[in-house]
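Encoded as structure tokens, the structure appears first; notes follow it.
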Amino acid sequence: MEYSQHAFLKELGITEENSGLYNGKWGGKGDLIKCINPTTGNVIATVRGATSEEYEETIQAMIAAKTKWALTPAPKRGEIVRLIGESLRAKIVPLAKLISLEMGKIFIEAKGEVQEFIDVCDFATGLSRSINGQVMPSERPGHVLLENWNPLGLVGIITAFNFPCAVLGWNAAISLICGNVQLWKGASSTSLITVAVTKIVVEVLEKNGFDGAICSTIIGPGRTVGEKMIQDKRFGLISFTGSTDVGRRISQVVHSNFGRTILELGGNNAIIVAEDANVELALRAVLFASVGTTGQRCTTCRRLFVHESHYDAVLERLKKAYSTVKIGDPLVEGTLVGPLHTAAAVKEYTEGIEEIIKQGGKIAYGGKKIDRAGGFFVEPTLVEINHDAPIVKTELFVPILYVMKFKNLDDAFEWNNEVPQGLSSSLFTNNQMNIFKWMGPTGSDCGIVNVNVATNGAEIGGGFGGHKETGDGIESGSDAWKQYMRRSTCTINYSTSMPLSQGIEFGN
Ligand SMILES: NC(=O)c1ccc[n+]([C@@H]2O[C@H](COP(=O)([O-])OP(=O)(O)OC[C@H]3O[C@@H](n4cnc5c(N)ncnc54)[C@H](O)[C@@H]3O)[C@@H](O)[C@H]2O)c1
């Protein structure tokens, strides 16, 4: 085991063998999970997952904790979330190192991921003093018509491997100020990060006299623990971040029980470089958006549409940029591209390359697995291919960028929208007519519609989410909080008469 080589693990309370369940107390009597370092392929440490009995115990602990938390005034809940943000600030370096070590993204991006959680905590703290309902004019004399928002109760949060810390934050910070108790299931392959983040969060709750079960965590496979969660009608919301295939299953199960979901699923994001674009700006954005996080962001740029007047130059410049990108250990300064997360992802990459060639694609740069002492490394890859090749319409969760030429901007808009996914999209242009068209009804059909900015790297103040097969619901900023609460419309009669709405006279 590599455990002893990484001194920062101790600062996070990680040991060689860790408990994978927290519900007010630590447990975990289930299967042993070996946590792998994708840079070396070696085991870092182990986590013991939870059993079915422990799942039920956890739900009972959450139910027991729910009323006190729901009755705690929202600004007080906001103060707890602020303190969680402070604790994350204090641990940002070791936590970011752990994210690099276990997930594989470079340190600077890992630090940004923890910062994102901190930012959402700040946002949610402010929000805890401003979540509000409307007061509407009543049509009846002596009546008040208003809406009131209450907590949902139990919220299930299931997250993906690629943002093993921030996605919890997007959900948890908002859900907590809304008065819910939560059960978090992270991806099994990032279990050490789940344990470390849980320790930081629950320490704040316990120090401040709250039951740690408010933020429960369960570690285990999707097909067992995840399935239990989605079939459990006691959850008022299942917020799921992950692949479209799993999201489809979750949608079917939860919605068949009339449950509520937030589904943040796969993307297939495009950047369009128009004839009048600032090409230098676009090139910088494309590089970050296509090779950043080794192509494993939901918002990674996978399709690049370049106006024919810039096509050859852009492709040449990209080839050059790709050839200078430093690939290696994500914890070493200067590395820009770390490993893929798993051996399975390397297989997805090599099989993807074979399929691309079968479908007429031409490898313009890269295309090969890198043999590097046990690690899961591949070359970031540029491909020339037709916009409507079937593979272009799927999400390969690896660093492969399809580069395509267009003549008319309207065609590029149409191609942006022709895929089943609808997460993020960017247009590089200096023409205001293009900008407003891009944002309007005949423009991009995505949830994130950018101009002269990359497809990735969203700010937390805006609502984050997509459309079509990317799922529904938004997380983080804007009015995402409404999804974590139950709206009630309340009519209050403060008169001594009983007028009916719509002017109905009943039995008078
Ligand atoms: N739209 C977004 O905001 C967003 C953000 C991050 C990642 N993603 C997407 O996530 C995917 C990559 O992540 P991944 O490989 O971890 O995804 P995944 O779908 O394989 O797993 C996600 C989570 O679902 C759990 N799970 C699996 N089967 C389940 C089941 N039957 N019931 C309940 N839970 C189950 C897993 O254990 C894991 O915790 C990509 O498609 C990416 O685009 C989307």
Side-chain angles (χ1 to χ4, degrees), residues 20 31 33 38 47 49-50 55 102-105 113 116 156-171 183-191 193-194 217-232 235 238-254 259 261-269 293-302 340-345 347-348 394-398 419-425 446-448 455-458 460 462-477 480:
D31 295 341
I33 298 163
V47 172
Y55 172 84
E102 194 184 26
M103 185 274 152
K105 66 178 68 175
E113 175 166 358
E116 211 168 321
I157 303 169
I158 303 175
T159 58
F161 78 84
N162 66 329
F163 275 88
C165 168
V167 173
L168 171 74
W170 295 351
N171 283 282
L183 179 59
W184 175 30
K185 194 201 96 54
S188 300
S189 59
T190 50
S191 291
I193 301 164
T194 306
T217 286
I218 193 159
I219 290 178
R223 65 181 180 281
T224 54
V225 172
E227 278 289 328
K228 267 193 168 304
M229 286 175 72
I230 64 174
Q231 290 178 22
D232 194 331
F235 283 107
I238 293 288
S239 176
F240 172 76
T241 303
S243 60
T244 294
D245 282 350
V246 175
R248 186 171 280 116
R249 158 95 191 137
I250 291 175
S251 176
Q252 281 160 358
V253 173
V254 179
T261 57
I262 295 175
L263 298 171
E264 301 285 358
L265 314 178
N268 191 353
N269 319 292
T293 328
T294 321
Q296 299 166 109
R297 284 193 187 214
C298 51
T299 51
T300 290
C301 175
R302 309 203 179 276
L340 284 173
H341 183 55
T342 56
K347 190 161 173 266
E348 182 177 335
T394 65
E395 181 199 44
L396 286 180
F397 211 57
V398 293
V419 295
Q421 308 82 357
L423 182 54
S424 185
S425 54
C446 293
I448 299 171
T455 46
N456 56 344
I460 62 96
F464 184 94
H467 304 302
K468 303 194 293 186
E469 287 193 4
T470 299
D472 62 1
I474 59 157
E475 282 176 353
S476 188

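For ligands, and for the atoms within them, numbers begin at 1 and follow the listed sequence.
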**Asked** Does an N or O from W170, backbone or side chain, lie closer than 3.5 Å to an N or O of ligand 1?
**Response** no

**Item:** Which segment of T241 sits under 4.0 Å of ligand 1 when only heavy atoms are counted
**Value:** both

**Prompt:** If you count the atoms of ligand 1 from 1 in the order shown, which ones are under 4.0 Å from a heavy atom of G266?
**Reply:** 41 (O), 43 (O)

**Asked** How about atom 31 (N) of ligand 1: does it have a protein heavy atom within less than 4.0 Å?
**Response** yes

**Fill in**
Nearest non-hydrogen protein atom to atom 29 (C) of ligand 1, with distance, is V246 CG1, 3.5 Å

**Message:** At less than 4.0 angstrom from any non-hydrogen atom of G186, what atoms of ligand 1 do you find?
**Reply:** 39 (O)

**Message:** Can you confirm, on distance only, whether ligand 1 has an N/O atom lying under 3.5 Å from any N/O atom belonging to E395?
**Reply:** yes

**Request:** State, with a plain yes or no, whether a side-chain heavy atom of H341 is found less than 4.5 Å away from one of T190.
**Result:** yes

**Message:** Residue-level breakdown please: for I230 versus ligand 1, do any non-hydrogen atoms fall below 4.0 Å on the side chain, on the backbone, on both, or on neither?
**Reply:** side chain

**Prompt:** Can you tell me if G466 has a non-hydrogen atom under 4.0 Å from ligand 1?
**Reply:** no

**Message:** Could you check whether atom CG of D31 has more than 12 heavy atoms from other residues, nucleotides or ligands sitting under 6.0 Å from it?
**Reply:** no

**Complete:** of all protein heavy atoms, closest to atom 8 (N) of ligand 1 is C298 CB, 3.6 Å

**Fill in**
atom 1 (N) of ligand 1 sits nearest the protein heavy atom L265 O, 2.8 Å

**Asked** Using a heavy-atom cut-off of under 4.0 Å, does the side chain or the backbone of N162 touch ligand 1, or both, or neither?
**Response** side chain

**Message:** Is it the case that ligand 1 has an N or O less than 3.5 angstrom from some N or O of F240?
**Reply:** no

**Asked** N/O of L423 under 3.5 Å from N/O of ligand 1, yes or no?
**Response** no

**Complete:** In this structure, CD1 of I250 is separated from CD1 of I262 (nearest 0.5 Å) by 12.5 Å

**Message:** As a check for students: among T159, I238, I448, L263, identify the option with a heavy atom nearest to atom 38 (C) of ligand 1.
**Reply:** T159

**Fill in**
To the nearest 0.5 Å, atom OG of S189 lies from atom CG of N162 at 10.0 Å

**Item:** Protein contact to atom 14 (P) of ligand 1 [nearest heavy atom, distance to 0.1 Å]
**Value:** F161 CD2, 3.7 Å

**Prompt:** Would T194 and W184 count as having a side-chain donor-acceptor pair, cut-off 3.5 Å?
**Reply:** no

**Request:** Check whether any side-chain heavy atom of R302 lies under 4.5 Å from a side-chain heavy atom of L396, and answer yes or no.
**Result:** no

**Asked** M229 and F235: which non-hydrogen atoms are nearest, and at how many Å?
**Response** O-CD1, 3.5 Å

**Residue, atom name and distance, where the atom is the protein heavy atom closest to atom 13 (O) of ligand 1** = A160 CB, 3.2 Å

**Message:** Using a 4.0 Å cut-off to any heavy atom of A187, which atoms of ligand 1 qualify?
**Reply:** 39 (O)

**Message:** For the OG1 atom of T455 and the CD1 atom of I448, what is their distance to the nearest 0.5 Å?
**Reply:** 8.5 Å

**Complete:** The protein heavy atom nearest to atom 3 (O) of ligand 1 is F464 CE2, 3.1 Å

**Message:** Among all protein heavy atoms in this structure, tell me which lies nearest to atom 34 (N) of ligand 1, with the distance rounded to 0.1 Å.
**Reply:** G226 CA, 3.7 Å

**Request:** Measure across G20 and V47 and return the closest heavy-atom pair with its distance rounded to 0.1 Å.
**Result:** CA-CG1, 3.6 Å

**Message:** Please check this pair: side chain of Q231 against backbone of V253, looking for a donor-acceptor N/O pair closer than 3.5 Å.
**Reply:** no

**Asked** Is the shortest N/O to N/O distance between E227 and ligand 1 below 3.5 Å?
**Response** yes

**Prompt:** Are K105 and F163 in a cation-pi contact, defined as NZ or CZ under 6.0 Å from the six-membered ring centre and within 45° of the axis?
**Reply:** yes

**Prompt:** Should T294 and T300 count as side-chain neighbours, where that means a heavy-atom distance under 4.5 Å?
**Reply:** no

**Request:** Note the single closest protein heavy atom to atom 36 (C) of ligand 1, along with its residue, its atom name and the distance in Å.
**Result:** K185 NZ, 3.8 Å

**Request:** Give the contacting part of F163 toward ligand 1: side chain, backbone, both or neither, where contact means a heavy-atom distance below 4.0 Å.
**Result:** neither

**Complete:** Contact region, E475 to ligand 1, non-hydrogen atoms below 4.0 Å, reads neither

**Request:** Taking atom types as modelled, find out whether T244 and Q421 have a side-chain donor-acceptor pair closer than 3.5 angstrom.
**Result:** no

**Contact check: S243 vs ligand 1, nitrogen or oxygen atoms, below 3.5 angstrom** = yes

**Asked** What distance separates I193 CD1 from E113 CD, expressed to the nearest 0.5 Å?
**Response** 7.0 Å

**Prompt:** So between G222, G242, P221, S188, whose heavy atom ends up nearest atom 10 (O) of ligand 1?
**Reply:** G242

**Item:** Gap between atom SG of C301 and atom CG of N268 - 0.5 Å precision
**Value:** 9.5 Å

